[in-house]
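Throughout, protein chains are lettered first and strands after them, A, B, ... in sequence-line order, and every chain is numbered starting at 1.
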There are 2 protein chains.
Amino acid sequence: MDQVEIFKALSNKSRLQILEWLKDPEASFPEQKPNGYEHGVCVGQIQVKAGLTQSTISEYLSVLLRAGFVEATRMGQWTYYKRNEQAIKNFTEAIKTDL
Amino acid sequence: MDQVEIFKALSNKSRLQILEWLKDPEASFPEQKPNGYEHGVCVGQIQVKAGLTQSTISEYLSVLLRAGFVEATRMGQWTYYKRNEQAIKNFTEAIKTDL
DNA sequence: TCTACATATCGGAAAAAACCGATATAACTT
DNA sequence: AAGTTATATCGGTTTTTTCCGATATGTAGA
């Protein structure tokens with residue numbers, strides 16, 4: 001993944017917001033089903049909270065996925081997304097030394 | 001300056017490249033006049049090295065300036081640009097804790 | 001003042017991004 | 001199998017970004 005593409009993934013208010021929300025899923029998405037939060041939050045809940053259409057959020061999540069900032073887990077008909085903390089750390093460390 | 005705008009400033013190969021070059025102006029721009037490098041490198045040299053037009057580079061430098069990554073010093077007919085290391089450090093520290 | 005040169009700004013063409021609605025796919029339910 | 005639900009993908013419109021050429025501005029020198 002190109003560094004420019006990674007910065008592009010972060011160049012959008014909604015995508016930054018999603019990453020922020022996923023820092024604390026319990027607090028950000030209290031309506032989560034008993035399933036728990038271990039695998040993240042499903043697309044629909046993010047979509048409602050973001051106030052954009054389903055297709056847009058699905059697209060944005062795949063941008064974040066390609067950039068490596070989140071990982072996806074398919075469970076039944078749901079796809080759960082959560083932050084990839086290690087990848088995020090790698091990125092922030094990298095730009096701390098490279099930028 | 002909005003954080004989204006700052007990431008946008010970094011979402012371009014040429015602009016990232018310029019920031020990179022300005023880390024070591026002596027090595028990146030050996031043709032610099034006896035003036036020295038204390039105030040940075042002038043637009044024309046960056047333009048030649050980047051291989052884009054003068055207007056584009058002038059524009060890109062002002063994007064980097066607005067984002068706070070560089071500072072400009074006008075000296076006679078030249079404008080010298082150099083990195084604002086403190087601002088860059090502030091930014092990388094901020095996303096290290098916030099992202 | 002006239003000319004030359006460095007940089008900034010303006011206007012625009014082409015490409016990319018931000019969305020959307022419609023449709024496809026995949027999994028669950030009955 | 002047929003209907004329902006969650007997500008992904010496709011096609012399109014509008015906005016933004018990328019880059020250019022032309023022009024304006026600002027400074028220095030003859």
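The nearest heavy atom of DNA chain D to A/S58 and to A/K8 marks one nucleotide each, and the one closer to the 5' end goes with A/S58. Take the nearest nucleotide of DNA chain C for A/G76 and for A/V63: the residue whose nucleotide is more 5' is A/V63.
Within the 4.0 angstrom heavy-atom criterion, only backbone atoms of the sugar-phosphate kind lie near B/S11; the bases stay farther away. Using a 4.0 Å heavy-atom criterion, one finds that B/I57 contacts no nucleic acid atom at all. Within the 4.0 angstrom heavy-atom criterion, only backbone atoms of the sugar-phosphate kind lie near B/T79; the bases stay farther away. Within 4.0 Å (heavy atoms only), B/Q54 reaches at least one base atom of the nucleic acid. Residue-level contact check: B/S55 touches the bases, meaning some heavy atom is under 4.0 Å from a base atom.
Protein atom CG of B/N12 is 13 Å distant from nucleotide atom C1' of D/dT16, rounded to whole Å. Distance B/Q47 CD to D/dC20 P: 9 Å, rounded to the nearest Å.
Of the possible donor and acceptor atoms, one in the side chain of A/K23 sits under 3.5 Å from a partner among the backbone N and O of B/D98.
Counting heavy atoms from C-beta on, the side chains of A/V70 and A/L19 come closer than 4.5 Å.
In summary, B/K89 and B/E85 do not engage in a salt bridge, as defined by a charged side-chain N under 4.0 Å from a carboxylate O.
A ring-centre distance under 6.0 Å is not found for A/Y81 and A/Y60.
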